[in-house]
Amino acid sequence: MFDTILIANRGEIACRVIDTCRRLGVRTVAVHSDVDAQARHVEMADVAVSLGGASPAESYLRGDAIIAAAQATGAQAIHPGYGFLSENPDFVDAVEAAGLVFIGPSAKAIRAMGLKDAAKALMAEAGVPVVPGYQGDDQSPELLAAESEKIGYPVLIKAVAGGGGKGMRLVEAPMGFADALASAQSEARTAFGNPHVLIEKYITSPRHIEVQVFGDGTKAVHLFERDCSLQRRHQKVIEEAPAPGMTPEMREAMGQAAVRAAEAIGYKGAGTVEFIVDGSDGLRPDGFWFMEMNTRLQVEHPVTEAITGVDLVEWQLRVAAGEPLPVAQADLSITGHSFEARLYAEDVPAGFLPATGRLAHLSFPEGARADTGVRTGDVISPHYDPMIAKVIVHGSTREIALRKLRRALADTQVAGTVTNLAFLGALARHEGFSRGAVDTGLIGRDLDALVAMPAPDLAAIVQAGLALLGLDRSPGALDGFALWTPLAQDVTLSVNDEAVTCKVVTRGPGEIDVKVNGTLVQARHGANGWRFDGQPARPVFVEAGVATVFGAPTLVVLRVDPLDVEAGAGASGDLVEAPMPGLVRQVFVSVGDHVSRGDRLAILEAMKMEHSLLAARDGVVAEVMAEAGSQVEAGAVLIRLEEEAT
Ligand code: ADP
Ligand code: ADP
Ligand code: MG
């Protein structure tokens, strides 16, 4: 076994590899970009080497710098994770030329599978069923159109160098072919520098079922299948193992085909053979076809680990270090069922736009595996994939595992950025998915229902309002002797971009009545904490005028009365602070300006709304730290007023 390895990656996968290294007593070297200098994977590793820069091209894709870092730190091997350099055969050659071990397959095996057309031809030769289609060199539009007629519509045009669903077009009928071809080719040229395409029969009611394989360079075993049919625009969202409805015959046939595929290219290490399956009429041993092989550890490998008990990274290290396969096929079996959900910082209602922001709070429930590369306080930056974590559950049956998934998603707490948590929760409760009736079109068909925002729950709004007013603490013994006149105050909140007024009346210790836009909600404190109209309080996180009430779904509530000095830090009213992270839109004052209480000093755009920042008192502007167009953190001081003469 190696004494030290370098991990040429970042985020959750780097952390996940380090976890196993620690368990095996292997020293780890992290590499990082400038923006990742304080990242979790850097903190976890024994040694860290800076690559500089921010973009992948300036950092994690710099093969030479990574190899130099390995040599300088005494690492004997490099684990590539997934993405970045993991499927780059030139990098593998360079690693080996430097006398280091690449933890993964040979450059030759990666090249054999690198282009979809060559891979399909190779697999057909090895007796693996491939999707019927055309994968030749002649790329003239006339010939490709004629081939499509032969295959029969609908057809799928795929970039041979494709990945991540790019350069792929579904064509339903001949008249759409020419346009689809042109756009697939141009996308492929831009994304991969290679406009070549292949044409495939489009499988209707398709299911994506893939087989995890593991080879030692000669022999291979399979670790059963994963179903990755829950996809949005060809991107996996929730994965599971085993596949619902899988029969022993079909599993055997798919497993054998995958092993044949791996052995045909002398595969070493962890790999995945992806198949498209015709799900229109149940699963049949003759109803699956090779799509492509991913010559790396896959994002969703944890579901396989959960049902087999195998640590795939441990196997990767052992095989790379020259050990034979740890077990034989007959020693492998499936226990229970597992799901993985990919938690992203993304704005689902805005069309799944990647989001950024500081994770003001992040926590995962017990009873689920959370693979993550970030902690509370970390920033989801625009430089990399906005994945926050993978949440993985295991149960003895599919039904139990799915229930655990729903629970784990409901108990996952993220504040500070929008996430796809509610969407994942809706998927986990989807009726068809619950029955195991999955296909790659499920999300697309039911998208509207899956992204619908339920009307915000009044109890949660009230809870947020009280938390923002600091009234949600337990009533102390001394509170009893406060004035017995009911104390009334108003607070204006913003909930899903709508203004909501709460009229709050404190009737006594642990007894608060709140009218939300006219509807009364009673907050009462008892032995088990607060209840809101009888509903128990949910976990809540408050920072800088924003309350995040966790649970299904998470509710974000902003306090929008900037005149209230309690909301900002400077109780004296000297400081105007950003109540939440956002973009400074406009600044209306300069140093020396005289302002009056209530004057608008600046506009901050945050959470899709504009917030006016007002002067809390009369005074003179002493300092302006805000600049229009700049991004600011919650609590950042934007404007300072001169101290008042006393
Ligand atoms: P997997 O197939 O491993 O489950 P994905 O298909 O989501 O996971 O991603 C496969 C690999 O492709 C990952 O290494 C990921 O970093 C990369 N990838 C995914 N989507 C894109 C994209 N849109 N552009 C570039 N790379 C991508
Ligand atoms: P990528 O390299 O982008 O991952 P794949 O060939 O693996 O490309 O295909 C991505 C997804 O596209 C699959 O998971 C599946 O949902 C869909 N797909 C691919 N080929 C077919 C096909 N022949 N028929 C129907 N759907 C397909
Ligand atoms: Mg694929």
Side-chain angles (χ1 to χ4, degrees), residues 82-83 86-88 110 112-124 128-135 144 147-148 150-172 180 184-185 187-188 190-194 196-213 225-240 243 254 258 261 270-281 287-301 340 342 385 433 438-445:
Y82 56 74
S86 64
E87 293 178 278
N88 182 328
I110 296 176
M113 289 297 177
L115 295 178
K116 290 185 204 284
D117 53 349
K120 276 182 80 174
L122 186 72
M123 289 299 100
V128 177
V130 301
V131 190
Y134 170 80
Q135 53 257 359
L144 293 173
E147 289 292 337
S148 299
K150 263 196 249 166
I151 296 162
Y153 285 89
V155 298
L156 198 60
I157 303 173
K158 278 187 189 178
V160 300
K166 287 219 181 92
M168 200 149 70
R169 293 289 182 282
L170 168 62
V171 193
E172 310 268 5
Q185 285 172 326
E187 188 170 302
T190 314
F192 313 109
N194 178 349
H196 275 231
V197 297
L198 58 79
I199 314 281
E200 262 179 21
K201 175 84 194 147
Y202 182 74
I203 310 296
T204 41
S205 266
R207 285 178 62 177
H208 173 123
I209 301 182
E210 58 185 36
V211 178
Q212 175 72 53
V213 291
E225 78 281 0
R226 294 185 286 258
D227 193 312
C228 311
S229 299
L230 284 198
Q231 304 183 347
R232 198 189 74 87
R233 301 207 174 153
H234 309 298
Q235 298 287 335
K236 300 162 182 174
V237 179
I238 291 183
E239 300 103 338
E240 64 181 301
M254 291 186 81
T272 294
V273 184
E274 295 190 331
F275 296 100
I276 192 87
V277 171
D278 182 353
S280 56
D281 186 22
F288 69 91
W289 301 274
F290 173 85
M291 268 193 308
E292 64 166 345
M293 180 168 184
N294 294 326
T295 50
R296 54 172 156 86
L297 191 67
Q298 197 102 332
V299 175
E300 60 274 22
H301 74 278
E340 171 185 290
R342 300 187 187 194
D385 186 275
F433 176 50
V438 291
D439 70 88
T440 61
L442 183 147
I443 291 180
R445 276 192 307 275

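In each ligand, atom 1 is the first atom listed, and ligand 1 is the first ligand listed.
- The two residues Val211 and Phe275 have their closest heavy-atom pair at CG2-CE1, 3.8 Å.
- Close contacts between ligand 2 and Gly162 involve ligand atoms 2 (O) [criterion: under 4.0 Å to a heavy atom].
- Among the heteroatoms counted here (N, O or S) of Glu292, OE2 is the one nearest to the Mg ion (ligand 3).
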TODO: Might you work through the side chain to side chain donor-acceptor pair (under 3.5 Å) test for Arg233 and Gln231, ending with a clear yes or no?
DONE: CA-CA 6 Å; Arg233 301 207 174 153; Gln231 304 183 347; over 6 Å; no

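- Set against the non-hydrogen atoms of His208, the atoms of ligand 2 under 4.0 Å away are 13 (C), 14 (O).
- Numbered from 1 in the order shown, with element, the atoms of ligand 2 that lie under 4.0 Å from a heavy atom of Lys201 read 22 (C), 23 (N), 24 (N).
- Ligand-side atoms of ligand 2 in range of Gly165: 1 (P), 3 (O), range being under 4.0 angstrom from any heavy atom.
- Close to ligand 2: Met168, with a non-hydrogen atom less than 4.0 angstrom away.
- Closest of all the heavy-atom pairs between Gln212 and Thr272 is OE1-OG1, 3.8 Å.
- Applying the 4.0 Å criterion to heavy atoms of Glu292 picks out, from ligand 2, the atoms 1 (P), 2 (O), 4 (O), 5 (P), 7 (O), 8 (O).
- Glu274 contributes OE1 as its N, O or S atom closest to the Mg ion (ligand 3).
- Nearest heavy-atom pair, Ala191 versus Lys166, reported as atom, atom and distance to 0.1 Å: CB-CD, 3.9 Å.
- Those atoms of ligand 2 that come under 4.0 Å of a heavy atom in Glu274, given as number and element, are 7 (O).
- Atom 6 (O) of ligand 2 has its nearest heavy-atom neighbour, among Lys120, Gln235, Lys158, in Lys158.
- Taking a cutoff of 4.0 Å between a charged side-chain nitrogen and a carboxylate oxygen, Asp439 and Arg445 qualify as a salt bridge.
- Counting only non-hydrogen atoms, the option in His234, Met291, Arg207 that gets closest to atom 9 (O) of ligand 2 is Met291.
- Ion pairing between Glu239 and Arg226 fails under the 4.0 Å rule for side-chain N and carboxylate O.
- A salt bridge links Glu210 with Lys236: at least one charged nitrogen is closer than 4.0 Å to a carboxylate oxygen.
- For the pair Lys166 and ligand 2, the shortest N or O to N or O distance does not fall below 3.5 Å.
- For the pair Glu300/Arg342, a side-chain contact is recorded, criterion being any heavy-atom separation below 4.5 Å from C-beta on.
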